[in-house]
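This report refers to the structure that appears directly beneath it.
Note on naming: letters A, B, ... go to the chains in the order of the sequence lines (proteins, then strands), and numbering restarts at 1 for each one. Since the model is a prediction, treat every value here as computed from it, not as a measurement.
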Protein chains: 2
Amino acid sequence: MSPRLSTTGYAVLGMLALRPATPYELTQQMQRSLDYCWPTSERSLYDQPERLVAAGLATLVDDGGADGRRRYAVTPAGLAALRAWLADASAMPRFQNEPLLRVLYGDLGTVEDLHRVIDDVRVHVADRRERGAAQMAPYLEGAGLFQERAHIVVLVADLVNRILEALDDWAEQAQQITAAWESTQGVGLTDDLRQVLERMLEAARGRERPPGP
Amino acid sequence: MSPRLSTTGYAVLGMLALRPATPYELTQQMQRSLDYCWPTSERSLYDQPERLVAAGLATLVDDGGADGRRRYAVTPAGLAALRAWLADASAMPRFQNEPLLRVLYGDLGTVEDLHRVIDDVRVHVADRRERGAAQMAPYLEGAGLFQERAHIVVLVADLVNRILEALDDWAEQAQQITAAWESTQGVGLTDDLRQVLERMLEAARGRERPPGP
DNA sequence: CTCAGTATACTGCAATCCGCACTACTGCAA
DNA sequence: TTGCAGTAGTGCGGATTGCAGTATACTGAG
């Protein structure tokens, strides 16, 4: 019946289920929460509510006159659609890691380029973590923005933080390893890289099956 | 001059810079490498080479007759464009984490839904790690597919692996924490969640400035 | 008072990307 | 010779993106 909602559609539907909102408020909320698990352009958030209305999953609860400021809320059908979505299979996380792409082709550029990309990762991560901490700190005192959902919010924030930690740890190690490189080409499997590779393969093997016959 | 290449455009340009390829070969390579840092649909990979040719960054080195099988290679201008791209600023990594979105709205569904999403993450991650290990193991014996680029490949694989590890560790902890939940709503800040939150905030604080005056 | 400058809250548009269905060819096996 | 699976694509409609542009409100200098 409904022409298959996109994941972004469900993301918006979910936000409206938490509380009715105007498109602009959706863009604000996106920066606070959605951006950590499902980044989208602001542009598309302005279009989503209308599409949800067309599918019968949301309604206009306040057309704010001629000057816009339209507020939308979920319908019972919308809630049902959300619950159905939550019940079906999820996709593998997709990581659009542009800095890593630059590292992957790093041997086509200079060592300075490579160093800068890695440094930038740490800067980006530090910024994100700082903003994340500022958002999460109030929850300890019972004063979070969605305190009644604290259990969910903490779980989500924890994964985001773990991934940022992984990025930062990697970047720190990459800084140390690449500091010695004189060129981006022909470095070969140096001792430190061999260690990294061995640890990686060992960890992967460890997960397969506990003992083995 | 050229109408600004997309990141996917540079990703393809980079693959062609490593070795000339047919569009189909690009889709194969994507599954092996690009998918870990810059996932795209196969469909768009078929279109990219033509676009690069139009921009003067690639050329057809073998139009395989009427039956397709066209092979493309970078031009000197293409290599220059790649180097210029490597020299300019990178964007923050973007994580499209659909399972996490489902957790974020988990309080609108059942506990079973929530458990399943978290379990699925571990399954997805195990699968990825296994494939990654199979690809990386040959590099230890000097028999990797791009052995002469081993230093780069190991660095990239290490970040991918660290992120997968973070996902799995998080999921394992989330399994334990949510195992006790009888409903997805009104759980509140239980002791285990409070500990997670405290560790998170402490870690973030630790990064800000080493000692303090 | 007014006028430039800035912030907020959008809208339009062209380019790009995506999923899906569909085609065409090859081997090979009943 | 027909059916089926695998390989290598193409076409198309709709979704998404970045960017430029608009409208309105406030703010403080002259």
Side-chain angles (χ1 to χ4, degrees), chain A residues 1-13 15 20-32 34-35 38-55 57 60 62-72 85 88-89 91-92 94 96 98 101, chain B residues 1-13 15 20-32 34-35 38-55 57 60 62-72 85 88-92 94-96 98 101:
Chain A
M1 191 182 281
S2 56
R4 282 289 175 282
L5 228 46
S6 65
T7 303
T8 305
Y10 286 108
V12 169
L13 197 55
M15 286 205 279
T22 68
Y24 179 69
E25 284 168 356
L26 292 175
T27 68
Q28 303 304 100
Q29 260 313 109
M30 184 196 58
Q31 283 167 30
R32 290 190 59 88
L34 214 57
D35 208 38
W38 196 260
T40 36
S41 64
E42 291 192 359
R43 189 63 189 79
S44 73
L45 293 181
Y46 279 102
D47 290 339
Q48 289 299 336
E50 305 245 34
R51 220 169 302 177
L52 295 175
V53 170
L57 307 177
L60 197 60
D62 176 14
D63 117 315
D67 62 343
R69 230 91 358 152
R70 289 177 285 272
R71 187 172 298 273
Y72 296 88
W85 176 70
D88 68 33
M92 172 78 194
R94 282 159 53 104
Q96 282 192 198
E98 208 225 43
L101 184 65
Chain B
M1 191 182 283
S2 56
R4 280 292 173 280
L5 231 44
S6 66
T7 302
T8 304
Y10 286 107
V12 169
L13 197 54
M15 285 205 279
T22 68
Y24 180 67
E25 284 168 356
L26 291 175
T27 67
Q28 303 303 101
Q29 261 313 107
M30 183 196 59
Q31 282 169 30
R32 290 189 58 87
L34 214 58
D35 209 38
W38 195 259
T40 35
S41 66
E42 293 193 356
R43 189 63 189 80
S44 72
L45 292 181
Y46 279 102
D47 290 339
Q48 288 300 335
E50 305 243 35
R51 219 170 301 179
L52 295 176
V53 170
L57 307 177
L60 196 60
D62 175 15
D63 116 314
D67 63 342
R69 231 94 354 152
R70 287 178 285 274
R71 186 172 299 275
Y72 296 87
W85 176 69
D88 70 33
S90 57
M92 174 76 194
R94 282 159 54 105
F95 299 119
Q96 282 192 198
E98 208 224 43
L101 184 65

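Contact between the side-chain N/O atoms of B:S44 and the OP1/OP2 oxygens of C:dC17 is not found at any separation under 4.0 Å. Between B:R51 and the phosphate of C:dC17, there is a side-chain N or O to OP1/OP2 separation shorter than 4.0 Å. Distances shown here put a side-chain N or O of A:R70 below 4.0 Å from the OP1 or OP2 atom of C:dT11. Of the side-chain N and O atoms in B:T40, none sit less than 4.0 angstrom from OP1 or OP2 of C:dC18.
For the pair A:L45 CG and C:dT11 C1', the interatomic distance rounds to 15 Å; values are reported in whole Å. In this structure, OH of B:Y72 is placed 12 Å from C1' of D:dG9, rounded to the nearest angstrom. Across the protein-nucleic acid pair, B:R43 atom CZ and C:dC20 atom C1' stand 11 Å apart, rounded to whole Å. Distance CD (A:Q28) to P (C:dA7): 14 Å, rounded to an integer number of Å. To the nearest angstrom, P of C:dC10 lies 12 Å from CG of A:D47. Rounded to an integer number of Å, the gap from CD of A:Q96 to P of C:dC17 is 11 Å. The CZ atom of B:R4 sits 16 Å away from the C1' atom of D:dT17 (whole-angstrom rounding). Straight-line distance from the CD atom of B:Q48 to the C1' atom of C:dC17: 9 Å, rounded to whole Å.
Mapping A:P39 and B:T22 onto DNA chain D via the closest heavy atom, the residue that lands nearer the 5' end is B:T22.
Side-chain atoms of B:L5 and B:L52, non-hydrogen and from C-beta on, do get closer than 4.5 Å to each other. Proximity of B:D62 to B:R70: side-chain heavy atoms (C-beta onward) are nowhere separated by under 4.5 Å.
Note on B:T8: only backbone sugar-phosphate atoms sit closer than 4.0 angstrom, heavy atoms only; bases stay farther off.
Among all heavy-atom pairs drawn from B:L34 and B:M15, the shortest one is CD2-CE, 3.8 Å.
In this structure, D:dC4 and C:dG27 make a Watson-Crick or G-U wobble pair, each of the two defining distances being under 3.5 angstrom.
In summary, the side chains of A:T8 and A:W38 do present a donor paired with an acceptor at a separation below 3.5 Å, with no hydrogens or angles considered.
At distances below 3.5 Å, not a single donor-acceptor pair connects side-chain atoms of A:E98 with backbone N or O atoms of B:S90.
The side chain of A:Y46 lies closest to C:dC10 when the candidates are C:dC10, D:dG9, D:dG18. Distance from the side chain of A:R94 is smallest to C:dC18 among C:dC18, D:dA15, D:dT17.
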